Amino acid sequence: MPELPEVEIYARYFARHALGQPISGIDVRDERILGKVRKRKFVESLVGKAFKSVRRHGKNFFADAGPAWLYLHFGMTGDLVYYRKAIERPQFARVVFDFENGAHLAYDDMRLFGVVDLVDDPDAFIAERRLGPDPLTDSFRLRDFQRIVERRRGAVKSLLMSQDIIAGIGNLYADEALYQTSIHPQRGVDRLSSAEVKALFTAVRRILRETILRAERGLDRPPRYLIHRREEGERCPLCGGTIRRTVVFGRTTYYCGKHQR
DNA sequence: TTCCATGTTCCGCA
DNA sequence: TTGCGGAACATGGA
């Protein structure tokens with residue numbers, strides 16, 4: 001489930017299992033998952049190295065294998081699986097890292113929308129892609145968010161999902177933030193009150209943090225979250241209204257027809 | 001069989 | 001210039 005919180009969990013998982021372990025081999029099982037890098041260069045750049053640290057910016061993941069960085073984007077169905085026995089290798093493992101200790105880390109991705117690549121410099125990558133601030137860092141400031149909202153037009157959900165405005169929010173968490181702030185997903189950005197802009201800013205951070213904290217403890221998102229009610233006609237756990245379905249920014253959108261205005 | 005899916009990119013149009 | 005709709009990508013799962 002790769003939006004920001006999921007990628008953060010993957011980053012921690014990667015750090016827990018793979019950091020400092022010498023890479024003894026790499027099996028690129030499906031080259032279609034590779035970005036710009038060719039298979040041979042990818043393997044030669046990483047074998048014999050060990051990952052030293054990890055970074056995440058929005059949905060983008062980087063692991064330092066100096067001088068090159070491993071880059072991962074999880075697309076819609078990307079996942080990481082650390083395992084010891086060959087039989088445990090996941091079904092859609094596209095790239096497998098073998099470590100000297102005999103364990104393996106698979107990048108698993110059924111739909112192949114993800115990317116495995118090498119980059120020279122994460123900061124340059126972030127700048128080139130024109131990614132906005134990561135909402136869980138100090139670079140995400142209310143002032144900046146307010147300024148962007150003032151200049152922007154269109155539906156508020158589109159703004160939340162635009163990676164050049166905020167990096168990391170996808171379809172589910174955009175709906176969640178709007179639901180929890182009682183804002184209709186199709187409301188024009190120019191019709192948000194300053195209190196609503198502030199509430200949205202706060203809600204985004206709180207929801208992402210809460211999801212990560214709970215996931216670390218093996219807990220799902222709280223029962224009051226819209227994420228458990230993504231179906232037309234469901235009951236809204238906050239106000240008893242009816243959950244509606246529409247399309248915004250090209251994506252299926254769920255909202256409460258009663259309390260989101 | 002048909003519809004839908006947590007993402008990104010590209011094209012055409014207003 | 002900005003924003004949006006639609007399609008494409010690849011592969012299931014319900």
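From a predicted model like this one, the values you see are computed outputs, not experimental measurements. Order of the sequence lines fixes the chain letters, A, B, ..., with proteins taken first and strands second; residue numbering starts at 1 for each chain.
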Open item on the list: By the definition side chain to side chain donor-acceptor pair (under 3.5 Å), identify the one residue from His57(A), Arg56(A), Lys59(A) that meets it with Asp134(A).
Closed with: Arg56(A)
Task: Heavy atoms of other groups near Asp120(A) CG, more than 12 under 6.0 Å - done: no
- [ ] Check the pair Phe14(A), Tyr82(A) against ring-ring contact (aromatic ring centres under 6.0 Å, His included), reporting the backbone distance first and the verdict last.
- [x] CA-CA 8 Å; Phe14(A) 187 104; Tyr82(A) 184 76; 9.7 Å; no
TODO: Give the ring-plane orientation class for Tyr179(A) versus His259(A), where under 30° counts as parallel, over 60° as perpendicular and anything between as tilted.
DONE: perpendicular
Task: Protein-nucleotide distance (Leu112(A), atom CG; dA5(B), atom P), rounded to Å - done: 20 Å
- [ ] Taking atom CZ of Arg143(A) as the centre, report whether more than 12 heavy atoms of other residues, nucleotides or ligands fall under 6.0 Å from it.
- [x] no
- [ ] Could you state the atom-to-atom distance from CD of Glu231(A) to C1' of dA5(B) in whole Å?
- [x] 14 Å
Open item on the list: Test of understanding: clusters of I, L, V, M, F, W, Y form through side-chain heavy atoms closer than 4.5 Å, transitively. Do Met110(A) and Leu112(A) belong to the same one?
Closed with: no
Task: Short side-chain N/O contact from Arg32(A) to OP1 or OP2 of dT11(C), under 4.0 Å - done: yes
TODO: Verify the cluster assignment for Val7(A) and Val95(A): are they in a single hydrophobic cluster under the rule of side-chain heavy atoms below 4.5 Å apart?
DONE: yes
Task: Side chain of His73(A) (C-beta onward), nearest among dT6(B), dG7(B), dT11(C) - done: dG7(B)
Open item on the list: Distance check needed: dG7(B) C1' versus Phe113(A) CZ, whole Å only.
Closed with: 8 Å
- [ ] Over 60° means perpendicular and under 30° means parallel, so classify the ring planes of Phe145(A) and Phe201(A), tilted if in between.
- [x] tilted
Task: Nearest-angstrom distance from the residue atom CG of Asn171(A) to P of dA5(B) - done: 8 Å
TODO: Return the 5'-most residue of the pair Met110(A), Asn60(A) with respect to DNA chain B, ranking by each residue's nearest nucleotide.
DONE: Met110(A)
Task: Lys/Arg-Asp/Glu bridge criterion (N-O < 4.0 Å) met for Arg84(A), Glu88(A) - done: no
Task: Atom-pair distance (CZ on Arg251(A); C1' on dC4(B)), nearest Å - done: 11 Å
Open item on the list: Output the rounded distance in Å from CZ (Phe92(A)) to P (dG12(C)).
Closed with: 4 Å
- [ ] Whole angstrom is fine here: how far is it from CG in Asp108(A) over to P in dT11(C)?
- [x] 13 Å
Open item on the list: Closer than 4.0 angstrom, basic N to acidic O: yes or no for Arg224(A) and Glu210(A)?
Closed with: yes
Task: Contact list for DNA chain C against residues 150-168 of chain A - heavy-atom distance below 4.0 Å - done: Arg152(A), Arg153(A), Gly154(A), Ala155(A), Ser158(A)
Open item on the list: From CE of Met76(A) over to P of dT8(B), roughly how many Å is that when rounded to an integer?
Closed with: 10 Å
Using the 3.5 Å cut-off, write out each protein N or O paired with an N or O of nucleotides 9-14 of chain B and the distance between them.
from	atom 1	to	atom 2	distance (Å)
dT9(B)	OP1	Arg129(A)	NH2	2.8

Task: Side-chain-base donor-acceptor pair under 3.5 Å for Arg111(A) and dA5(B) - done: yes
Open item on the list: Using 30° and 60° as the class boundaries, would you call the ring planes of His73(A) and Tyr71(A) parallel, tilted or perpendicular?
Closed with: tilted
- [ ] Could you verify whether a donor N or O on one side chain and an acceptor N or O on the other, from Tyr254(A) and Glu176(A), lie under 3.5 Å apart?
- [x] no
- [ ] Starting at the 5' end of DNA chain C, write a dot or bracket for each base, bracketing those in Watson-Crick or G-U wobble pairs whose two distances are under 3.5 Å and using | for partners on another strand.
- [x] .||||||||.||||
